[in-house]
Amino acid sequence: MNKFFLLIILFWSNFIFSQKIETESLVNCFTKDFLPKDFKYYNLLDKSFRADFDVYYLNESIENSGLKIPFFGKDDFINSKSEINWNDYNLEKAHIFSEDKIHKFKSALYEYILVDKKIGQKKFDSIISNKKYNQIVVKINPYWNEDEKVKERHKELKNQEDKIEKENRDFYSISSPIFSVDKKFAIIYYRDCCHTNGYLYIYSNNNWEEYLHFYRLISN
């Protein structure tokens with residue numbers, strides 16, 4: 001009986017280790033594809049998200065793309081319900097943070113706080129220290145017309161962005177990968193400040209390669 005349970009434990013240990021290696025390999029190939037090539041590192045949210053994957057939508061995208069591969073069935077993929085902690089994985093260039101610690105700047109929607117140029121320094125510092133990450137404080141002349149105010153907003157946004165390393169201007173969240181039963185294909189998504197993108201990857205020549213960019217969502 002003890003030997004039986006030991007075999008079960010060894011089996012599951014090897015299975016979990018194999019899954020981890022596959023996931024690391026996929027994510028490292030994936031991030032090389034979508035990250036800017038000059039990034040020295042990228043900021044990653046520590047927890048994966050579960051993608052709302054629809055195999056019928058994938059098949060429609062395959063048909064529209066003209067790819068000559070069979071359509072997938074809903075049982076062709078293993079959609080794990082588990083959340084991944086990326087701290088447990090060896091991900092190249094990844095700087096991993098929790099939601100409350102990760103660097104934030106870029107946003108799908110900025111909110112501008114307009115203040116009089118003559119505002120006192122103490123009051124201005126208080127506004128700066130209490131603003132949200134996507135709020136931009138802009139000093140203006142209250143007598144400016146709307147075009148002048150818009151121009152100053154854009155100028156201040158650019159000034160703030162230029163003060164931040166390009167790697168720290170945005171952060172990424174990566175989905176738990178969804179592997180096909182035969183392990184030849186995988187579904188994986190990423191999110192940044194303003195988009196969610198989903199991809200079909202294929203395992204070829206001992207490497208994961210992008211096969212189809214099938215999902216795009218722009219944040220409002």
Side-chain angles (χ1 to χ4, degrees), residues 8-9 11-36 39 41-62 65 67 69 71-104 106 108 167 170-204 206-219:
I8 293 294
I9 291 170
F11 171 80
W12 278 108
S13 296
N14 289 334
F15 175 77
I16 292 171
F17 180 74
S18 175
Q19 285 285 93
K20 184 176 180 181
I21 295 298
E22 289 172 342
T23 298
E24 285 178 350
S25 175
L26 173 61
V27 172
N28 284 327
C29 290
F30 180 50
T31 53
K32 286 178 183 176
D33 288 338
F34 76 76
L35 286 172
F39 268 31
Y41 61 89
Y42 69 99
N43 295 321
L44 177 64
L45 199 62
D46 59 349
K47 302 294 174 59
S48 68
F49 67 91
R50 286 196 63 208
D52 186 19
F53 171 58
D54 184 342
V55 72
Y56 302 108
Y57 184 88
L58 172 62
N59 288 335
E60 183 179 337
S61 298
I62 291 171
S65 71
L67 289 173
I69 60 172
F71 291 155
F72 293 99
K74 64 179 182 180
D75 296 324
D76 288 337
F77 289 94
I78 304 171
N79 197 345
S80 173
K81 296 181 179 180
S82 61
E83 180 185 77
I84 291 175
N85 187 328
W86 296 120
N87 285 297
D88 299 330
Y89 289 73
N90 182 23
L91 301 184
E92 299 168 7
K93 293 188 177 183
H95 288 189
I96 302 172
F97 298 89
S98 61
E99 173 72 34
D100 60 333
K101 297 289 180 64
I102 203 161
H103 297 276
K104 297 177 183 177
K106 281 192 175 180
E167 291 89 348
D170 204 352
F171 70 93
Y172 301 89
S173 179
I174 295 176
S175 70
S176 299
I178 303 170
F179 292 98
S180 63
V181 175
D182 60 11
K183 300 299 179 69
K184 292 181 179 179
F185 293 93
I187 301 295
I188 189 166
Y189 297 70
Y190 82 86
R191 293 173 179 161
D192 58 14
C193 71
C194 312
H195 312 86
T196 301
N197 290 277
Y199 298 80
L200 174 67
Y201 268 65
I202 186 171
Y203 194 71
S204 176
N206 296 315
N207 199 34
W208 286 102
E209 299 176 359
E210 182 184 327
Y211 203 60
L212 178 64
H213 184 185
F214 73 90
Y215 182 86
R216 297 174 179 84
L217 177 66
I218 299 176
S219 301

So how far is it from [X] [atom1] to [Y] [atom2], rounded to the nearest 0.5 Å?
| X | Y | atom1 | atom2 | value |
| --- | --- | --- | --- | --- |
| Ile69 | Leu67 | CD1 | CG | 5.5 Å |
| Ser176 | Ile84 | OG | CD1 | 4.0 Å |
| Ser65 | Leu58 | OG | CG | 9.0 Å |
| Asp52 | Asn79 | CG | CG | 9.5 Å |
| Asn43 | Phe97 | CG | CZ | 5.0 Å |
| Ile174 | Ser48 | CD1 | OG | 9.5 Å |

Are the side chain of [X] and the backbone of [Y] linked by a donor-acceptor contact shorter than 3.5 Å?
| X | Y | result |
| --- | --- | --- |
| Thr31 | Val27 | yes |
| Asn59 | Phe71 | no |
| Glu24 | Asn90 | yes |
| Asp170 | Cys193 | yes |

Answer whether the closest heavy-atom distance between the side chains of [X] and [Y] falls below 4.5 Å.
| X | Y | answer |
| --- | --- | --- |
| Val55 | Phe53 | yes |
| Ile188 | Ile178 | no |
| His103 | Glu167 | no |

TODO: Walk me through it: do Phe72 and Ile62 pass the test side-chain contact (heavy atoms from CB on, under 4.5 Å)?
DONE: CA-CA 10 Å; Phe72 293 99; Ile62 291 171; 3.8 Å; yes

TODO: Could you tell me which residues satisfy side chain to side chain contact (heavy atoms under 4.5 Å, CB included) with Phe179, sequence neighbours excluded, listed by chain and number?
DONE: Glu22, Thr23, Leu26, Pro177, Lys183, Ala186, Trp208

- [ ] Using the side-chain contact (heavy atoms from CB on, under 4.5 Å) rule, take Asp192 and Tyr172 through it: C-alpha gap first, then chi angles, then the decisive distance, then the call.
- [x] CA-CA 5 Å; Asp192 58 14; Tyr172 301 89; 3.9 Å; yes

TODO: Under the side-chain contact (heavy atoms from CB on, under 4.5 Å) rule, what do Asn197 and His213 come out as? Steps first, then yes or no, please.
DONE: CA-CA 7 Å; Asn197 290 277; His213 184 185; 2.8 Å; yes

Task: Glu99/Lys104 ion pair, N-O < 4.0 Å - done: yes

Task: Atom of Leu45, atom of Ser173 and distance for their closest heavy-atom approach - done: CD2-OG, 4.1 Å

Task: Listed partners of Tyr189 passing ring pair (Phe, Tyr, Trp, His ring centres under 6.0 Å), at least two apart - done: Phe214, Tyr215

Task: Heavy atoms of other groups near Tyr56 OH, more than 12 under 6.0 Å - done: no

Open item on the list: Taking atom CG as the centre, does Asp54 end up with more than 12 heavy-atom neighbours from other residues, nucleotides or ligands that are less than 6.0 angstrom away?
Closed with: yes

Open item on the list: A cation-pi test, strictly: NZ or CZ of Lys20 under 6.0 Å from the centre of the six-membered ring of Tyr89 and no more than 45 degrees from its axis. Yes or no?
Closed with: yes

TODO: Classify the angle between the aromatic ring planes of Tyr201 and Phe30 as parallel (below 30°), tilted (30 to 60°) or perpendicular (above 60°).
DONE: perpendicular

TODO: Test side-chain contact (heavy atoms from CB on, under 4.5 Å) on Asp182 and Tyr203 and set out the steps.
DONE: CA-CA 10 Å; Asp182 60 11; Tyr203 194 71; over 6 Å; no

Task: is_close_aromatic(Phe34, Tyr199), centroid dist under 6.0 Å - done: no

